[in-house]
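Note sheet for the following structure.
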Number of protein chains: 2
Amino acid sequence: MSKVIIDDVAARAGVSIKTVSRVMNNEPNVSERTRDRVLAAARELNYRPSLSARGLAGSRSYLIGLLYDNPSPAYLAEIQAGLLEACEASHYSLALHPCRHEDPGMPAAVSAALAQARLDGLIITPPVCNVPALMAAVEERGVPYAVISDEAGPSGFAVTIDESAAMRDLTEHVIGLGHTRIGFIAGHPDHKGAARRRDGFETAMRTHGLGIDPAMVVQGYFDFESGRHGARELLSRSNPPTSIIAANDDMAAGALQVAHDKGLHIPTDLVIVGFDDSPLSRQVWPPLTTVRQPVADMAREAAARVIARLTGAAEPDNPADLAFPHELRLRQSSLGDT
Amino acid sequence: MSKVIIDDVAARAGVSIKTVSRVMNNEPNVSERTRDRVLAAARELNYRPSLSARGLAGSRSYLIGLLYDNPSPAYLAEIQAGLLEACEASHYSLALHPCRHEDPGMPAAVSAALAQARLDGLIITPPVCNVPALMAAVEERGVPYAVISDEAGPSGFAVTIDESAAMRDLTEHVIGLGHTRIGFIAGHPDHKGAARRRDGFETAMRTHGLGIDPAMVVQGYFDFESGRHGARELLSRSNPPTSIIAANDDMAAGALQVAHDKGLHIPTDLVIVGFDDSPLSRQVWPPLTTVRQPVADMAREAAARVIARLTGAAEPDNPADLAFPHELRLRQSSLGDT
DNA sequence: CTGAAAGCGCTAACAT
DNA sequence: ATGTTAGCGCTTTCAG
């Protein structure tokens with residue numbers, strides 16, 4: 001029961017190993033009856049083709065790599081969950097490849113790892129997918145890939161939400177509350193998404209005739225601590241904001257903590273909103289108004305597309321990059337008690 | 001540059017492929033000079049042995065599997081980070097295997113996956129490692145493994161902290177603050193660690209002559225929502241607690257939110273403490289007193305031991321299960337402003 | 001200390 | 001629609 005190989009299945013089904021191979025790979029040119037017999041034999045023997053052998057003989061490794069750099073745990077977990085759903089459905093495995101996006105040697109290292117592990121496909125998350133040298137290396141290798149971003153190279157897919165529009169919606173919600181003095185804690189400068197979100201904020205402000213006060217925009221890095229810093233800066237201005245928009249939830253939570261420390265009541269004294277609808281946004285007090293981004297769905301789709309390319313499945317009708325819908329989540333940090 | 005194989009290296013170094021193989025695997029019986037030449041050739045050619053070929057020829061796949069069931073994202077991320085450190089150091093890859101611990105078919109499915117992917121080793125986290133049928137299946141397959149728990153089967157390693165002692169320390173901290181009416185939100189009943197933590201709580205209470213009031217202990221499931229439920233229950237008692245100990249941080253954060261909703265001031269009106277020192281414990285307000293568990297270190301050690309078994313490295317001096325130190329993290333949820 | 005030969009379990013070309 | 005024959009790139013015998 002421990003080491004069933006293709007010959008065993010072939011023998012039991014009374015066919016050649018090639019036929020078994022055909023059946024296991026869903027290739028055409030196998031009669032219905034034969035296919036059924038092979039499948040039955042495989043099931044009875046509990047046969048699973050060896051990945052190593054497949055990888056060596058074919059060119060496929062049945063491995064999809066995930067390239068990431070120190071994302072928030074919640075984001076990482078959601079990405080992985082989505083990818084795994086798609087992978088499992090197609091009998092692919094997921095291999096993790098953390099890396100450091102600022103490391104100049106990273107693209108070369110990734111390229112080498114690609115060659116060694118013979119990864120069939122790659123999923124790349126920000127900010128790694130915003131490193132031109134890396135993307136060039138990936139393109140050069142010719143590996144099918146998808147980025148969780150709004151822009152892929154010629155041979156890749158991109159899945160994303162319209163981050164600019166999402167931040168515009170969020171900002172307009174705050175403006176709709178009557179705020180005119182709105183602080184903004186920007187995201188990590190290496191993330192393209194951070195720039196998009198900032199654009200959205202500025203567009204909304206301008207559209208509503210509010211203008212951008214440079215003193216109301218501070219640099220953050222998507223982490224909790226930078227949210228604390230940013231909020232402290234904003235709140236120490238001579239004319240402090242009445243609301244703070246953070247480019248993600250972690251920073252918004254940091255701002256929230258600072259506000260509490262200062263004895264400010266949320267949302268009465270200060271409105272704080274975040275972005276991502278992370279678990280944290282629901283777990284702080286008061287819960288944060290934020291924008292939901294269907295990360296798991298996006299990841300699943302990214303993996304599904306890469307796998308579709310691999311298996312030569314028909315390309316989806318819409319081969320263009322895919323934009324997912326976002327959704328405002330209004331909570332007490334902007335609305336008060338309900 | 002894209003497809004360097006062992007023959008290329010052998011040719012360049014002027015040796016046979018077997019010698020190259022020896023060098024790449026750190027086998028003995030290669031002269032210093034030959035080894036150097038081979039290494040030089042490999043480096044110049046940027047040679048990476050193919051994992052598939054290695055897996056097929058040898059018995060090793062250079063893949064370590066991580067078996068887990070829906071843990072908190074923070075825990076998962078920390079576990080993965082620790083495992084990856086150890087894996088990378090030894091050129092192993094990590095394959096993710098989420099599963100559902102209550103699924104009766106899970107052990108069989110895992111066993112099949114083990115056979116197919118030829119995983120060399122396994123790391124198993126709670127509550128999966130608390131499923132006897134799964135552990136039996138793993139033992140039967142004879143795969144080296146480690147559990148993040150306090151008890152492994154005959155062929156496995158266990159890495160853990162002394163959860164009972166840790167919870168005892170935490171409870172004693174609260175008792176030391178002068179509390180006598182202490183509520184406890186227990187962890188998931190399927191986690192052995194949850195039982196240990198509960199033991200620690202009860203031991204501390206008894207040791208200090210406080211006894212266990214059944215009305216002060218409620219069942220939780222390690223998730224935020226169950227922390228909210230538990231806290232609501234406890235605080236609705238006719239004689240509510242003056243402090244709440246939750247078996248993990250997520251539940252403590254839930255309790256915190258409920259307390260805030262009720263207008264209670266923390267820690268003046270109610271002390272709340274958690275367990276795990278998760279990022280969340282630092283990101284809520286006020287920050288939670290908790291117990292640090294060096295999860296990443298534990299995971300790294302778990303993977304390192306499994307890999308050591310695989311590579312036939314000398315077993316560490318202390319082959320027994322490994323207990324890591326825990327550490328109290330005192331924060332404002334029990335101490336007030338400093 | 002080193003090398004030659006024989007597979008590992010599968011898929012890719014060709015048969016048939 | 002099915003079978004036969006070669007390898008894939010490496011490690012494992014077993015010889016030197």
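Quick note on labels: first sequence line is chain A, next is B, and so on, each numbered from 1.
Within the 4.0 Å cut-off from OP1 or OP2 of C:dT2, at least one side-chain nitrogen or oxygen of B:Ser31 is found. An OP1 or OP2 oxygen of D:dT11 is reached within less than 4.0 angstrom by a side-chain nitrogen or oxygen of B:Asn25. Distances shown here put every side-chain N or O of A:Tyr62 at or beyond 4.0 Å from the OP1 or OP2 atom of C:dT11. Residue A:Ser16 has no polar side-chain atom (N or O) positioned under 4.0 Å from OP1 or OP2 of D:dT2. Between C:dT2 and B:Thr19, no contact under 4.0 Å exists linking OP1 or OP2 to a side-chain N or O.
Regarding A:Arg54, its CZ atom lies at a distance of 11 Å from the C1' atom of C:dG9, rounded to whole Å. Going from atom CG of B:Leu56 over to atom C1' of C:dG7 covers 9 Å, rounded to whole Å. Put simply, CZ on A:Arg48 is 12 Å from P on C:dC10, counting in whole angstrom units. Between the CD atom of A:Glu27 and the P atom of C:dC10 there is a distance of 14 Å, rounded to whole Å. Look at CD1 on A:Ile6: it is 14 Å from P on C:dC8, rounded to the nearest Å. Atom CD1 of B:Ile17 is separated from atom P of C:dC1 by 21 Å (rounded to the nearest Å). Counting to the nearest Å, the C1' atom of C:dC10 and the CG atom of A:Asp7 are 9 Å from each other. Nucleotide D:dT11 holds its C1' atom 14 Å from the CG atom of B:Leu51, rounded to whole Å.
Each of C:dC1, D:dC10, C:dC10 was ranked by its minimum atom distance to the side chain of B:Ile5; first place goes to D:dC10.
With contacts defined as side-chain heavy-atom distances shorter than 4.5 Å, the pair A:Ile148/A:Val159 qualifies. When side chains are defined from C-beta on, B:Ile6 counts as touching B:Tyr47, because their heavy atoms get closer than 4.5 Å.
Between the side chain of B:Arg22 and the base of C:dG3 there is at least one donor-acceptor pair of N/O atoms closer than 3.5 Å. Residue side chain B:Lys18 does not reach the base of C:dA4 through any donor-acceptor N/O pair under 3.5 Å, judged by distance alone.
Both B:Gly14 and B:Ala53 sit near DNA chain C, but only B:Gly14 has its closest nucleotide nearer the 5' end.
B:Thr34 comes within contact range of the sugar-phosphate backbone alone, with a heavy-atom separation under 4.0 Å but no base atom that close.
Note on ring orientation: taking the six-membered ring where Trp is involved, the planes of B:Tyr62 and B:Tyr92 are tilted (angle from 30° to 60°).
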